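Values below: all heavy atoms of this structure, side chains included; hydrogens, waters and symmetry mates excluded. Remember, predicted model here, so these are calculated numbers, not experimental data.
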Amino acid sequence: MSEQPSLTIGELESKYYLYRRAMKMLVQEGRGATTIQRTLCWSRLATLHHCLPRRYKSPDHILNQVRREVEEEQATALLVAEG
């Protein structure tokens, strides 16, 4: 059985914004918290938070931030469409 190479913290850090963007896409698709918690992006964000808690927020916190961002974007788009 072959082992998968493990990621380094540096590799995880360099892809932080990709994981965050993936989470945002899941929120925009209307996925629930339980579904999002089973994703690779959630796992990688959790690892970053576990290893560097002062630098990276928990995935729960990031999910709440992303949800607010999506709601604000949708509200802005609605106002523009009406205006």
**Student:** Can Glu29 and Leu26 be said to form a side chain to side chain contact (heavy atoms under 4.5 Å, CB included), step by step?
**Tutor:** CA-CA 5 Å; Glu29 291 174 2; Leu26 292 168; 4.1 Å; yes
**Student:** Just do the side chain to side chain contact (heavy atoms under 4.5 Å, CB included) check on Val66 and Gln28 with the steps written out, would you?
**Tutor:** CA-CA 9 Å; Val66 166; Gln28 289 171 330; over 6 Å; no
**Student:** Can you name the closest pair of heavy atoms from Leu45 and Pro59 and give their distance?
**Tutor:**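 So the two residues come closest at C-CG, 3.9 Å.
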**Student:** Which of these, Arg67, His61, Gln65, sits in a side chain to side chain contact (heavy atoms under 4.5 Å, CB included) with Leu63?
**Tutor:**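 Result for side chain to side chain contact (heavy atoms under 4.5 Å, CB included) with Leu63: Arg67.
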**Student:** Starting at CG of Leu12, measure out to CG of Leu7 and round the result to the nearest 0.5 Å.
**Tutor:**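 Answer rounded to 0.5 Å: 5.0 Å.
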**Student:** Show the nearest heavy-atom pair for residues Tyr16 and Ile62, with the distance to one decimal.
**Tutor:**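 In terms of heavy atoms, the two residues are closest at OH-CD1, 3.9 Å.
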**Student:** Test your reading of the model: is there a side-chain donor-acceptor pair from Gln74 to the backbone of Glu71, 3.5 Å cut-off?
**Tutor:**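 The answer is no, because no donor-acceptor pair under 3.5 Å joins these two groups.
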**Student:** I need the Ser43 OG to His50 NE2 distance, nearest 0.5 Å.
**Tutor:**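 If we round to the nearest 0.5 Å, Ser43:OG and His50:NE2 are 12.0 Å apart.
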**Student:** Which residue pairs pass the salt bridge (Lys or Arg N to Asp or Glu O under 4.0 Å) test when at least one of the two sits in residues 12-27, sequence neighbours left out?
**Tutor:**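 Every pair satisfying salt bridge (Lys or Arg N to Asp or Glu O under 4.0 Å) with a residue in residues 12-27: Glu13-Arg55, Arg20-Glu69, Lys24-Glu69, Lys24-Glu73.
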**Student:** In terms of hydrophobic clusters joined by side-chain contacts under 4.5 Å, are Tyr56 and Tyr17 together?
**Tutor:**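 Yes; Tyr17 is reachable from Tyr56 via cluster members.
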**Student:** For the CE atom of Met23 and the OG1 atom of Thr39, what is their distance to the nearest 0.5 Å?
**Tutor:**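 So the CE of Met23 and the OG1 of Thr39 are separated by 6.0 Å.
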**Student:** Taking all non-hydrogen atoms of both residues, which atom of Ala22 and which atom of Cys41 are closest, and how far apart?
**Tutor:**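 That closest heavy-atom pairing would be CB-CB, 4.1 Å.
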**Student:** Considering all heavy atoms of both residues, which atom of Asp60 and which atom of Trp42 are nearest to each other, and what is their separation?
**Tutor:**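 Scanning both residues, the minimum pair turns out to be OD1-CH2, 3.1 Å.
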**Student:** What distance do Leu52 atom CG and Thr47 atom OG1 have between them, rounded to the nearest 0.5 Å?
**Tutor:**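 Spacing of CG (Leu52) from OG1 (Thr47) equals 10.5 Å.
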**Student:** First locate atom OG of Ser58, then atom CG of Leu48, and finally report the distance between them rounded to the nearest 0.5 Å.
**Tutor:**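 Atom-to-atom, Ser58:OG and Leu48:CG are 12.0 Å apart.
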